[in-house]
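Some notes on the structure that comes next.
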Amino acid sequence: MKVKSLVKLGGVGLLSALVLAGCGSKSSQQKTEKVNWMMPASISTMDASKVTDLYSSQFLNATNEGLLRMGKGKTTPGVAKNYTISKDGKTWTFNLRKSKWNDGKPVTAKDFVFAWRRTVTPKTASEYAYNFANVQNATKINAGKMSPSKLGVKADGNYKLVVKLVKPQSYFKFLVAQSYYLPQEPSVVNKYGNAYGTNAKKNAYNGPFVLKGWTGTNDTAQLVKNPKYWNAKSIKLDKLNVQAIKDPSTALNSYQSGKLDFTTLNGTQVKQYKNNKDYHDYLEASSSYMEMNEKKDPIFKNKDIRKAMSLAIDKSQLATKVIGDGSIAPKGYVPTKMNSRNGKDFADQAYVKSGVAYNLTEAKKLWAKGLKETGKKSVDVALLCDDVDQTVKNAQFVQSQLNKLPGMKVTIQNVPFKNRLSRSQNGQFDLVLSAWIADYPDPTNFLDLFKSDNSYNNGKWKNAQYDALMKKAEGVDANNESARWTDMVQAEKVLMNDQGIVPLFQQGESTLMKSKVQGVQFFPTSPQWDWSKVSVK
């Protein structure tokens, strides 16, 4: 899941434990349980077909429910009370419970069919359509070569959904738990057209909460308990008040004054509060990195130039000194402690020292070589990033490191989160600070992004060997876990040896959280919170 460049995504994931953990105050008079929490950026969209960032997905997964829910690396029943898989692994049949939208209409299998078809339809321009690639005909439909009606999903009555896959996919259960696989109420989508999901009112909700107060441009919103949710009786929280606060000092002041029950901390604040009883930290399954726009700036097609830029950046100093919130220097692109096989961590097996090392002397040699190869004497580029305080500091550090390369001049362009996403996706950058947090616990969640045809490959890096290895992992080796693992390890090594991107750090998360909130857990990946366990003392 896309995250805000270089700073942590603001809570670990789809209304993650961290976010929810945050808050709580109880009025004995009204007998309500209320939460006040923050996030570093505002919602960009509530359209599940168009969502691209973690913040919006957090709200989508709090207000809606898919076939399954995910948490702690496992799936649990959602709208689907159970499911079966055919012997060949290509047909998944989901049996739906009787649940409702917030307007009282039933949630049916047809709502899933409608939503999935809409997501892969070219005119929708969904950047997450690639996650449907293994559903029969999805790729052809998304390329405009086939009708959406041919997508390999059908409603067998109102409460049975049958999905046909191109090949077996063991992690498909995790995919259907993500926000881009959520159902959509056809009448509501058709009523609002292009305006669907642009504010709280122009949407439909079938999850634990209903979104209120979001106009589409403001920085506040409320999650209010949904009485129509099938499991509403288990939801103890009545309301969550949410504020988007970019400045860490402002957020901390709000926490200290009792206006917030949860806040994230920057490195300076961590030093002050590390021994506080409200302090919590953990390492996320996230990767923060820099992309180089090879299409806009052909000089970045030169491998020596890319390698020089990576070697010029001291990732350890960035993680421990500039950020200082528990973040660590990366071992590669796929984060540590997310996947292992036979007791060996994926990141350790795929480790390429030169892809993440710091060596300014070697960097200058490669830089001079690259300039000579490209016929350049100097390089003047802009580094795009979010306008969040810590992200800007990270960008300034990267700028100072790169400017040590003779003839290189880097300027910083910091813009609002939504603008950075848009400009990244449209190729309107030279260099950009990006980040990704795991949606599901599989290396493909990261590695898929840099296939040459992936919509999130904003820098347009291309490598035929990488594409072939990923195709093999998802094709002929899809049912052979050992061979598939080897394919992915080799693909990561290709990415790092060719320096397709520059990994910068793996995000740590440090927070303050009021002890009166119960049922809080922290996960390395981005789970959906088990709302039934969250309560206020």
Requested in this report: Could you give me the CA-CA distance, side-chain angles and deciding distance for Asp467 and Ser452, then say whether side-chain hydrogen bond (donor to acceptor under 3.5 Å, both in side chains) is met?
Outcome: CA-CA 7 Å; Asp467 286 345; Ser452 59; 2.6 Å; yes

Query raised in the report: Can Val188 and Tyr192 be said to form a side chain to side chain contact (heavy atoms under 4.5 Å, CB included), step by step?
Result: CA-CA 6 Å; Val188 177; Tyr192 295 113; 3.9 Å; yes

Query raised in the report: side-chain hydrogen bond (donor to acceptor under 3.5 Å, both in side chains) between Ser126 and Thr124: does it pass, once the steps are laid out?
Result: CA-CA 6 Å; Ser126 171; Thr124 302; over 6 Å; no

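Using modelled atom types, one finds no donor on one side chain facing an acceptor on the other under 3.5 Å when comparing Asn458 with Ser424. There is a side-chain donor-acceptor pair under 3.5 Å between Asn203 and Tyr196.
Exactly one of Tyr456, Tyr333, Tyr289 qualifies for a ring-ring contact (aromatic ring centres under 6.0 Å, His included) with Trp436. That residue is Tyr456.
The aromatic rings of Phe132 and Tyr181 lie parallel to each other, their planes meeting at an angle below 30°, with 60° marking the opposite boundary.
Under a cut-off of 6.0 angstrom, the local environment of NZ in Lys472 is sparse, with at most 12 non-hydrogen atoms contributed by other residues, nucleotides or ligands.
No donor-acceptor distance shorter than 3.5 angstrom exists from the side chain of Asn206 to the backbone of Pro183, with no hydrogens or angles considered.
Between Asp442 and Arg484 there is a salt bridge, with a side-chain nitrogen of the basic residue lying less than 4.0 Å from a carboxylate oxygen of the acidic one.
With sequence neighbours left out, Asp498 forms a salt bridge (Lys or Arg N to Asp or Glu O under 4.0 Å) with Arg306. In this view, Arg118 and Asp47 satisfy the salt bridge (Lys or Arg N to Asp or Glu O under 4.0 Å) rule, not counting sequence neighbours.
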